[in-house]
Amino acid sequence: MCDQTFMAITFGPCDNCSTTSPLMNIYIKNEPTNYCSFCVEMMACQGLLKGETLASLKNESESLKKKLEEERAKLHDVELHQVAEKIEVVSALSIKTRRVLKGHGNKVLCMDWCKDKRRLVSSSQDGKVIVWDGFTLNKEHAVPMPCTWVMACAYAPSGCAIACGGLDNKCSVYPLSLDKNENLAAKKKSVAMHTNYLSGCTFTNSDMQILTSSGDGTCALWDVESGQLLQSFHGHTADVLSLDLAPSETGNTFVSGGCDKKANVWDMRSGQNVQSFETHESDINCVKYYPSGDAFASASDDATCRLYDLRADREVAVYQKDSIIFGVSSLDFSLSGRLLFGGYNDYTINIWDVLKGNRVSMLFGHENRVSTVKVSPDGTSVCSASWDNTLRIWA
Amino acid sequence: MPSSFFFFFFAKMSGSSNLVAMKKVVQQLRFEASINRVKVSQAAADLQQFCMQNALQDPLLTGVSSSTNPFRPQKVCSFL
C-alpha cells in the first residue's frame, strides 16, 4: 500500500469545525469547501443511508462488479483480429536507426518530441535534461536538475518551454530562450508538488496547464503561471506510472496507469474516474491513446501490451508472444494507429500490427533496456531512449 | 457535549474509514455500471476504418523515400 496522502494546498480553519489543520478541498453539491480530514470522515459516515453497514456495502459492491462483468461480456461478440482478417497484411517495413544521440552520462529515462518535429527533450538519471535538434544532433540546451532520476520530461506545445521532474517530487518548467549563454536553471519555475516521485508530466493543449502523475497514487492538473492545483484525481491504490492526454478532438479526458494494474480514464474538469480497466497481471508502465481517441493501449511488466476500447468498455486485443518474457516499459502508436511500437526490457523494440494482433518487426540496436518510445508528431520517425545512455531515432 | 461527541466518534473510529472506503467503491461501481457501451464488432470496425482512412498518411507504415524523409540519408549529388 503506497503512501497515498492527499495534497493539502491549504492550511487553516476547517469550514465545519473551525479547527486549524491541513484541509482537503472537496465539493459539496458542486460548492467548493475546505474540510479537515476528521470532518470529511464524519460527513461520509452521515452520508450512509439507513441500514447500510460494511457487510451490505460489500454485498452491493460484489453484485455490481458481477453486473459490470456481465454487461461487458454481453457485447463481446467478436475479436478485433477476426474483424481485421480481410484487410491486407502490413508490408515489410524498412525501419532502421538513422541517428544516435550520445551525450547523457547515465540512463536516459524519458524523452518527448517538440511540435516542430525535429527537436526533442530527454532526461536522465544523471540529473541532466538536454534539448536536442534531431536532424543535426546538436545539443541546444542542457539543464542540470537538482535531483537524480529525472523520470519525466515534456515539451510545451509552443516549443518555448520544457517541464521535468522526478525524485524531487516536483514538476518544474523551464522557459527556453534563444540565447545559448542564458542560464536556464536560474529561470526555473516549480509548478507541481507531490508527496512522492513524479512519474509523468504533460502539457495540456496550451503552455498554461500541466498534468502530472506521481508515485503518491494521484494525478493532478496545475496552472503553470500561479502553480495552483486546479484538479486532483484520486482513485489509484498504488503508484501511478504513466498518463496520456486524449487527442484534442475528443475532449477533456486522460488515461493513467499504475502499479495497482489498473488503467483509469478521467474527466479533467470534474476529477471523476469515468472508466476503469483491470486485466493486466502486473504493473502498467505506460498508457497511450489510439490516434482516434476511441481506444488506448497499455504496456506492462507482464510482458504484454493490451488495447482497450473506450466505447465497448473492454479489452479488445492482447499483444503477446511466448518468446517475449520481459516487461514492456513504453509504447506508442504510428500516425494511422496501425502500428504499435513497444520498448521492452530485453533491449528491443517490437512492432505490432494493432488490428491483426501479430508482431510485424523488431528493432535492434540498444544495449540496455528501452525506457521510452515516442513517434514524432508528423509520424516520420520513432525515437527511443534507453538505459544504455543513448537515444536512437528510427525511420 | 463535546466530550460525548468525541466518545461517539472514537467508538466508531476503527470502522469508519473502512465504511468510507467501501462507500466510495460502491458509488464508483454504480457510476461505471451506468455508462453506455457499444458492441465490440462495432468498436472494432471503427478502429479498422480509422486505420484504413489514415494508412496512406502514415510514413512509418508506407515508408517514404529518402528525399522526403528528413531523417533518411539522402543520396549525395556530385557535380560532374
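Numbers restart at 1 for each chain; the letters A, B, ... are given by sequence-line order, proteins then strands. Keep in mind that what you see is a predicted model, and the values were worked out from it rather than measured.
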> Which heavy-atom pair separates A/H76 from B/V40 by the least distance, and what is that distance?
Replying inline: CA-CG2, 3.8 Å
>> Under 4.5 Å from any heavy atom of chain B, what part of A/N273 do you find: side chain, backbone, both or neither?
In response: both
> For the residue pair B/V26 and A/L64, what are the closest heavy atoms and their distance?
Replying inline: O-CD1, 3.8 Å
> Taking all non-hydrogen atoms of both residues, which atom of A/L75 and which atom of B/V38 are closest, and how far apart?
Replying inline: CD1-O, 3.6 Å
>> At a 4.5 Å cut-off on heavy atoms, which part of B/F71 comes close to chain A: side chain, backbone, both, or neither?
In response: both
> Looking at B/S41, B/A33, B/G63, which has the largest count of heavy-atom pairs under 4.5 Å with chain A?
Replying inline: B/S41
>> Counting heavy-atom pairs closer than 4.5 Å to chain A, which one of B/L60, B/V25, B/N54 comes out on top?
In response: B/L60
>> So which atom in A/D378 and which in B/P59 form the shortest heavy-atom distance, rounded to 0.1 Å?
In response: O-CG, 3.7 Å
>> Within the structure provided, determine whether A/Q275 and B/E32 are in side-chain contact (heavy-atom separation under 4.5 Å).
In response: no
> Any idea which heavy atoms bring A/S61 and B/M22 closest together, and the distance?
Replying inline: OG-CE, 3.4 Å
>> Quick check: do A/L355 and B/C51 have side-chain heavy atoms less than 4.5 Å from each other?
In response: yes
>> Out of B/V64, B/I35, B/N36, return the one with the most heavy atom pairs under 4.5 angstrom to chain A.
In response: B/I35
>> Within the 3.5 Å criterion, strictly below it, is a donor on A/S336 or B/D58 matched to an acceptor on the partner's side chain?
In response: yes
